[in-house]
Amino acid sequence: MRFDGDSLPDMTGQPASSSNQPRVRFAPSPTGYLHVGGARTALFNWLFARRFGGIMILRIEDTDAERNKPELVTGILEGLKWLGVDWDEGPFYQSQRTELYQNSAKKLLASGAAFLCYCPPEKYVGGDHAEEGAEGTKVRRVVRCSCRDGKPSTPGVKPAIRFKVPVGGKTKFFDAVFGEREFSNDEIEDFVLVRSGKDGAEFGQAMYQMSVVVDDVDMRITHVIRGADHISNTPKQVLLYEALGATPPVFAHVPLILGADKSRLSKRHGATDVNMYRIEGFLPEAFRNFLALLGWAPGGDEQFLRTSELLEKFSLEGVSHTNAVFDRPKLEWFNTQFLQKLPIEELLPQVEAELKSSGLWKAEWASGAGHEWFSKTVDLLRPRVRLLPDFSSWSRAFFSDEFSYEQAAKDKFWKDPKVPDLLSSTADALAALPEWNHDACDHATRAVAEAGGVKAGLLINAIRVAIVGQAVAPPLFDTMVVLGQERVVRRLRAALKEFAPA
RNA sequence: GCCGCUAUGGUGCAACGGUUAGCACGUAGCCCUUUCAAGGCUAAAAUACGGGUUCGAUUCCCGUUAGCGGUACCA
């Protein structure tokens, strides 16, 4: 599936030769929404695939019927789409590939690499945790039950299939970010490959370790880019690859994203669902830039990077080894940077979508002179906007005649008793202008101030409140030009009513 | 507990044996000014600790401490 993302670079890229073409996958589990850590993993996979002419695969890992919530898939897909992460194959659903995993497991059973385990799950649950040893010391225990030697512990119950981890020896693998790694096999428990069957079924669904490996082999994945929380699962998977007679891919574990207190990112740290950022009105490209720099750097000091630059520079070598803290203020900075620096034509469609959703959009702004006005207005507004919805709220008076006066603004800038008269004179002076442009408005306004014996600033601030209802807005005369003569004069006269004794 | 990963200002990253330890966010101040931003300038702020190796360690090795991850018939 491909879709047209927002301002994505040209991805026609070179169709790398099929032999050494990288194949990567993003494999979320629908047990929760798309959180920022998952989004970052998806982004890295995508950048890697697009950078090196590879194939991006989306796979939904829904092998846990208990915890799985199918309706969450929609949100995950939506989040990815907003992020601009697209894929070439999939989405594949593991819940529909059960047979494949069971067949592989049966082969492992036949070859002696796996065994039927009749033990109750409790026997293994927590088996790898510490338990009391002699003299109160804690000792480690890895369960090796008798089933693995062909002696069923509790015959008669439905067995699960477990992998028979070799006794002794080490399992090694290469990690593109952490280098060569090795784990002692004695540290690895005999993990479950396939759940025991229920309701007459011979076996249940495959477990994570089994399904990832079978799928990664089946989908010819060359690079497994995933969170570092999987690093200790990797030796199990390498053992499986070997037992299956397959070559392990290159692994690339990327550090995790933590909350401000350096603890695991959770709801109490604020929004962790990517879709929340979409709803809040961040620009996807800004979010992408921010996310890309969490755990990765191009090598130098640059950091404001368009997606096209990310695509030119991304590499696994630049991935950091240390966990990163999700720093929202910096995300906001990136957003304001993009808001200001994006070519205006790239920003316009996003503002248009925002105004449509708030009901302020007018069809006349879609083309011709209307579009020109729209473009000019957005350009004037954008240095002061922080999030897309600000175009509908903070900038409302620019797109609609229905706006209200902020009490604080009136209190601050309409204090002087001369204000009503000044505003009235200004309305007359502006109404009489034969030409409507920045300088004409400027001169006329300053003349009114001078004639009234007040400083220009006082009048300027008072006018601002009168024509946009707030204390903060773009420079006044630019605002006047954009609003137009008729509207400015009308608003100045309407403002006079605000002074009428109640 | 055990296994593993990591350790540069508050935060994100640079410096991959030799720099006055750099950039950015944030913070403080100044400038600009028509409100508020933006922008410009300046400032405070870091190599966790202890041992080695080396002519020389932020960088390599070991230990300590701390944080994180894993330790499920979760993924």
Side-chain angles (χ1 to χ4, degrees), chain A residues 27-32 61-64 66-68 117 119-122 124-133 137-142 158-162 178 181 183-184 186-189 191-196 198 203-209 211-212 227-235 253 255-256 258 260 262-264 290 293-304 318 320-334 336-337 340 382-386 409 412-413 442 445 455-461 463-465 470-477:
Chain A
S29 174
T31 51
E61 309 218 318
D62 53 352
T63 53
D64 185 350
E66 312 273 297
R67 301 194 315 152
N68 199 29
C117 181
C119 297
E122 308 85 74
Y124 276 85
V125 167
D128 219 14
H129 286 277
E131 61 176 35
E132 291 297 320
T137 54
K138 301 277 188 178
V139 292
R140 174 186 165 67
R141 183 194 64 169
V142 172
K158 287 255 178 68
I161 302 177
R162 282 185 190 274
F178 290 100
R181 295 290 115 184
F183 286 78
S184 166
D186 292 335
E187 297 292 340
I188 306 169
E189 74 277 10
F191 53 96
V192 173
L193 261 22
V194 176
R195 281 173 252 245
S196 52
K198 279 185 189 135
F203 292 111
Q205 286 210 296
M207 294 285 289
Y208 170 70
Q209 313 289 359
S211 55
V212 246
D229 50 336
H230 284 294
I231 202 158
S232 38
N233 282 325
T234 310
H253 289 98
L256 305 179
L258 308 176
K262 299 214 175 200
S263 71
R264 194 190 194 113
F290 169 70
L293 259 25
L294 242 33
W296 173 79
D301 283 333
E302 320 116 281
Q303 54 188 322
F304 178 80
S320 133
H321 294 191
T322 67
N323 293 168
V325 170
F326 188 90
D327 186 35
R328 179 167 170 125
K330 187 137 188 190
L331 165 62
E332 291 176 355
W333 176 79
F334 272 112
T336 55
Q337 287 299 304
Q340 286 173 54
R382 64 169 165 170
R384 265 154 266 254
V385 165
R386 306 197 71 78
K412 185 174 181 190
F413 293 126
D442 190 336
T445 302
K455 285 199 285 188
L458 184 146
L459 213 212
I460 286 170
N461 289 328
I463 294 173
R464 180 178 297 107
V465 178
Q470 20 187 75
V472 175
L476 188 71
F477 305 120

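Residue numbers begin at 1 in each chain, while the letters A, B, ... track the order of the sequences.
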Atom [atom1] of [X] and atom [atom2] of [N]: how far apart are they, to the nearest Å?
{"X": "R67(A)", "N": "C73(B)", "atom1": "CZ", "atom2": "P", "value": "13 Å"}
{"X": "F178(A)", "N": "C3(B)", "atom1": "CZ", "atom2": "P", "value": "19 Å"}
{"X": "D186(A)", "N": "C2(B)", "atom1": "CG", "atom2": "C1'", "value": "13 Å"}
{"X": "N68(A)", "N": "C73(B)", "atom1": "CG", "atom2": "C1'", "value": "16 Å"}
{"X": "L193(A)", "N": "A72(B)", "atom1": "CG", "atom2": "C1'", "value": "14 Å"}
{"X": "H230(A)", "N": "C68(B)", "atom1": "NE2", "atom2": "C1'", "value": "15 Å"}
{"X": "R328(A)", "N": "A24(B)", "atom1": "CZ", "atom2": "P", "value": "23 Å"}
{"X": "L331(A)", "N": "C25(B)", "atom1": "CG", "atom2": "P", "value": "14 Å"}

I'd like the [atom1] distance from [M] over to [N], given in whole Å.
{"N": "G1(B)", "M": "A15(B)", "atom1": "P", "result": "35 Å"}
{"N": "G69(B)", "M": "A14(B)", "atom1": "P", "result": "22 Å"}
{"N": "U8(B)", "M": "A21(B)", "atom1": "C1'", "result": "8 Å"}
{"N": "A48(B)", "M": "A7(B)", "atom1": "C1'", "result": "7 Å"}
{"N": "U11(B)", "M": "U27(B)", "atom1": "C1'", "result": "12 Å"}
{"N": "G67(B)", "M": "C49(B)", "atom1": "C1'", "result": "15 Å"}
{"N": "G18(B)", "M": "U58(B)", "atom1": "P", "result": "10 Å"}

Side-chain atoms of P329(A) come closest, of G69(B), G26(B), A75(B), to G26(B)
Give me, pair by pair, the N or O atoms of the protein and of nucleotides 33-44 of chain B that are less than 3.5 Å apart, along with how far apart they are.
unit_1, atom_1, unit_2, atom_2, d
U34(B), O2, R464(A), NH2, 2.3
U34(B), N3, L476(A), N, 3.4
U35(B), O4', N461(A), OD1, 3.3
U35(B), O2', A471(A), O, 3.1
U35(B), N1, R464(A), NH1, 3.4
U35(B), O2, A471(A), O, 2.8
U35(B), O2, A473(A), N, 2.9
U35(B), O2, A473(A), O, 3.4
U35(B), N3, A473(A), O, 2.6
U35(B), O4, A473(A), O, 3.4
U35(B), O4, P475(A), N, 3.3
C36(B), O2, R384(A), NH1, 2.9
C36(B), N3, R384(A), NH1, 2.2
C36(B), N4, R384(A), NH1, 3.4
A37(B), O2', P383(A), O, 3.3
A38(B), O2', Q340(A), OE1, 3.0
G39(B), OP1, Q337(A), NE2, 3.3

Give me the distances for all protein-to-nucleotides 7-13 of chain B N/O pairs that come in under 3.5 Å?
unit_1, atom_1, unit_2, atom_2, d
U11(B), OP1, K262(A), NZ, 3.4
G12(B), OP1, V325(A), N, 2.9
G12(B), O2', L293(A), O, 2.9
C13(B), OP1, G295(A), N, 2.3

Margin query: Does R195(A) form a side-chain contact (heavy atoms from CB on, under 4.5 Å) with D64(A)? I'd like the steps, not just the answer.
Written below: CA-CA 10 Å; R195(A) 281 173 252 245; D64(A) 185 350; 4.1 Å; yes
Can you name the residues that form a side chain to side chain contact (heavy atoms under 4.5 Å, CB included) with [X], not counting sequence neighbours?
{"X": "D301(A)", "result": "none"}
{"X": "A297(A)", "result": "none"}
{"X": "E332(A)", "result": "F282(A), R328(A)"}
{"X": "K262(A)", "result": "L258(A), V325(A)"}

Would you say R181(A) reaches G4(B)'s phosphate, i.e. side-chain N/O to OP1/OP2 under 4.0 Å?
-> no
Taken to the nearest 0.5 Å, the spacing of M207(A) CE from T63(A) OG1 works out to 7.5 Å
Value for NZ (K198(A)) from CZ (F203(A)), rounded to nearest 0.5 Å, stands at 14.5 Å
With sequence neighbours excluded, what pairs up with [X] under the salt bridge (charged side-chain N to carboxylate O under 4.0 Å, His left out) test?
{"X": "R382(A)", "value": "D379(A)"}
{"X": "D327(A)", "value": "none"}
{"X": "D229(A)", "value": "none"}

Pairwise N/O distances under 3.5 Å, protein to nucleotides 59-62 of chain B:
none

Aromatic ring pairing H321(A)/F178(A), orientation class (parallel under 30°, perpendicular over 60°, tilted between)
tilted
Secondary structure of RNA chain B per the Watson-Crick/G-U criterion (both distances under 3.5 Å; [ ] crossing, | other strand, . unpaired) is (((((((..((((....[...)))).(((((.......)))))....(((((..]....))))))))))))....
For F413(A), the ring pair (Phe, Tyr, Trp, His ring centres under 6.0 Å) test, sequence neighbours excluded, returns none
query = Is E66(A) close to T31(A) at the side-chain level, that is, under 4.5 Å between some pair of heavy atoms?
reply = no
### Query
Do the side chains of Q337(A) and Q303(A) get nearer than 4.5 Å, heavy atoms only?
no
Item to complete: Assign T63(A) to base, sugar-phosphate, or nothing according to its heavy-atom contacts below 4.0 angstrom with the strands shown.
Response: sugar-phosphate
Quiz item: When all nucleic acid strands are considered with a 4.0 Å heavy-atom cut-off, which category describes D62(A): base, sugar-phosphate, or nothing?
Solution: nothing
Is there, by distance only and without an angle test, a donor paired with an acceptor across the side chain of N233(A) and the base of A75(B) below 3.5 Å? yes
Q) Donor-acceptor pair under 3.5 Å: do we get one between S196(A)'s side chain and the base of C73(B)? A) yes
